[in-house]
2 protein chains.
Amino acid sequence: MKLSTKGRYAVMAMTDLAGHADRRAVSLAEIAERQQLSVAYLEQLFARMRRRGLVVSARGPGGGYRLARPAEETTIAEVVTAVDEPLRATRCGGKDGAIGCMRGGARCLTHDLWEETGRQIQDYLASVSLADVLSGHLRREPAVAA
Amino acid sequence: MKLSTKGRYAVMAMTDLAGHADRRAVSLAEIAERQQLSVAYLEQLFARMRRRGLVVSARGPGGGYRLARPAEETTIAEVVTAVDEPLRATRCGGKDGAIGCMRGGARCLTHDLWEETGRQIQDYLASVSLADVLSGHLRREPAVAA
DNA sequence: AGGAAGACCGAGTAATTTAGTCAACTATGC
DNA sequence: GCATAGTTGACTAAATTACTCGGTCTTCCT
């Protein structure tokens, strides 16, 4: 899981979109104006989100974007992974194979740790929808028995 | 919360140290050998961890590092924040003030989201100790019935 | 028909960050 | 007093990030 500003901008833009989708499509120019981002940059982000099926587009005058699904059913995790793509964990596992992993000392005990950490973040972000962000309704764990 | 390879290396090195701290101090050369990292780079990492009080050092022949506290009492969160330092959340709040935040549209509704996300990661990493990693004892939510 | 709004696309670049090196210094034990 | 080993800080190369640019294709309106 990756947390760059890119992912943050995408969420900002999507939240904006979710908040202004009365019925008509919303143009990137509008979002750019409100969120203080460049149209060109937004294009990049929305292209990816369209490919992932998070938004649908309409060309021509009066065109723009709208959410493919209701705000309640679109999670932050989906938005972030749509624009941030890769998600390599440790340097072992996929690519280098044995390098660093499975070695004399602490081997890749750390491998499991990062796997689990990634899962933890993923789980949280998947539990929050655009509607939640829009309503300021962020879940705070009920404090699991101390 | 930041998750760079630097932080991962630091955890690898600390885990190695925790696993080889019989009684004597462990030299960076040993760790470098086992974990396949350069001594020069490890120096950087340990310097920071020493300042944070996670390890204590001994100079001269037979010298090296050892944990300042038992492995059970040193958390991954401490190690990671020791070497990765900064931890800026959104671009609002601290630095730019009102830029991007508190604007017409979705304002900084996203602000709370990232705050909470950071806390989520922090909490998890703070719940894992070096000893846990060493023993492969990573908490996985009790597998909800399944 | 034709012009303007606006999505779409790929390549390209500037700046930041990261990872890692180097050289020189200081303390300690034998 | 020499070898071991930590300490410091500046420096650099590579990668990544964030972002721009030029141009195309579609659709609507007159």
Side-chain angles (χ1 to χ4, degrees), chain A residues 2-13 17 20 24-33 35-52 54-68 80 83-88 90-91 95-96 99-100, chain B residues 2-13 17 24-33 35-68 80 83-88 90-91 95-96 99-100:
Chain A
K2 202 117 152 276
L3 295 176
S4 57
T5 70
K6 197 162 167 184
R8 288 198 260 114
Y9 288 162
V11 173
M12 283 172 70
L17 177 56
H20 291 84
R24 73 188 205 296
V26 180
S27 74
L28 293 187
E30 278 181 71
I31 299 178
E33 162 62 20
Q35 304 298 326
Q36 293 293 102
L37 301 171
S38 81
V39 172
Y41 197 37
L42 282 175
E43 280 175 2
Q44 237 184 64
L45 303 179
F46 275 84
R48 282 157 172 261
M49 294 194 284
R50 190 174 59 87
R51 281 182 218 121
R52 291 301 195 93
L54 298 179
V55 294
V56 291
S57 60
R59 292 178 158 197
Y65 290 89
R66 64 190 76 201
L67 292 178
V80 171
V83 300
D84 268 335
E85 303 277 2
L87 162 55
R88 63 167 159 240
T90 34
R91 72 168 166 180
K95 214 169 49 179
D96 303 13
I99 276 279
Chain B
K2 202 114 152 277
L3 294 176
S4 58
T5 69
K6 197 160 165 186
R8 289 199 259 113
Y9 288 162
V11 174
M12 283 172 70
L17 176 57
R24 74 188 203 295
V26 180
S27 75
L28 293 186
E30 276 181 72
I31 298 178
E33 161 63 19
Q35 305 297 327
Q36 293 293 102
L37 302 172
S38 82
V39 172
Y41 197 36
L42 283 175
E43 279 173 2
Q44 239 186 62
L45 302 179
F46 276 85
R48 281 158 172 261
M49 294 194 285
R50 190 174 60 87
R51 281 182 218 122
R52 291 298 196 92
L54 299 179
V55 295
V56 292
S57 60
R59 292 177 154 196
Y65 289 90
R66 66 190 75 200
L67 293 177
V80 171
V83 300
D84 268 336
E85 303 277 0
L87 162 53
R88 64 165 158 244
T90 34
R91 73 169 164 179
K95 212 168 50 177
D96 303 12
I99 276 279

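Atoms considered below: every heavy atom in the structure, side chains included; atoms not considered: hydrogens, waters and symmetry mates. Note that the structure is a prediction, hence the values are computed from the model and not measured.
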Notebook entry, point to check: Taking for each residue the nucleotide of DNA chain D bearing the nearest heavy atom, is the 5' side occupied by B/Arg50 or by A/Lys6?
Noted result: B/Arg50
Note to self: What is the separation between atom CZ on B/Arg48 and atom P on D/dG9, rounded to the nearest whole Å?
What the structure shows: 12 Å
Check: So what does B/Tyr65 hit on the nucleic acid, given a heavy-atom distance under 4.0 Å: a base, only sugar-phosphate, or nothing?
Finding: sugar-phosphate
Next item on the list: Please state how far atom OH in B/Tyr41 lies from atom C1' in D/dG9, giving the value in whole angstrom units.
Entry: 16 Å
Check: Going by the ring pair (Phe, Tyr, Trp, His ring centres under 6.0 Å) test, which pairs reach into residues 45-66 of chain B, not counting sequence neighbours?
Finding: B/Phe46-B/Tyr65
Note to self: Please classify the nucleic acid contact of B/Ala58 as base, sugar-phosphate, or nothing, using heavy-atom distances under 4.0 Å.
What the structure shows: sugar-phosphate
Notebook entry, point to check: Any side-chain N or O of A/Ser57 less than 4.0 Å from the OP1 or OP2 oxygen of C/dA7?
Noted result: no
N/O to N/O distances under 3.5 Å, protein versus nucleotides 26-28 of chain C:
unit_1	atom_1	unit_2	atom_2	d
C/dT26	O2	B/Arg59	NH1	3.2
C/dA27	O4'	B/Arg59	NH1	2.3

Item checked: Interatomic distance, A/Glu43 CD vs C/dA7 C1' [rounded to whole Å] -> 7 Å
Note to self: Please enumerate all residues that pass side-chain hydrogen bond (donor to acceptor under 3.5 Å, both in side chains) together with B/Arg59, with sequence neighbours excluded.
What the structure shows: none
Checklist line | For atom CG of A/Leu3 and atom P of C/dT17, their distance in whole Å | finding: 16 Å
Note to self: Between the base of C/dT21 and the side chain of B/Gln44, is one N or O donor paired with an acceptor at under 3.5 angstrom?
What the structure shows: yes
Notebook entry, point to check: Over how many whole Å does the gap from B/Leu45 atom CG to D/dT7 atom P extend?
Noted result: 13 Å
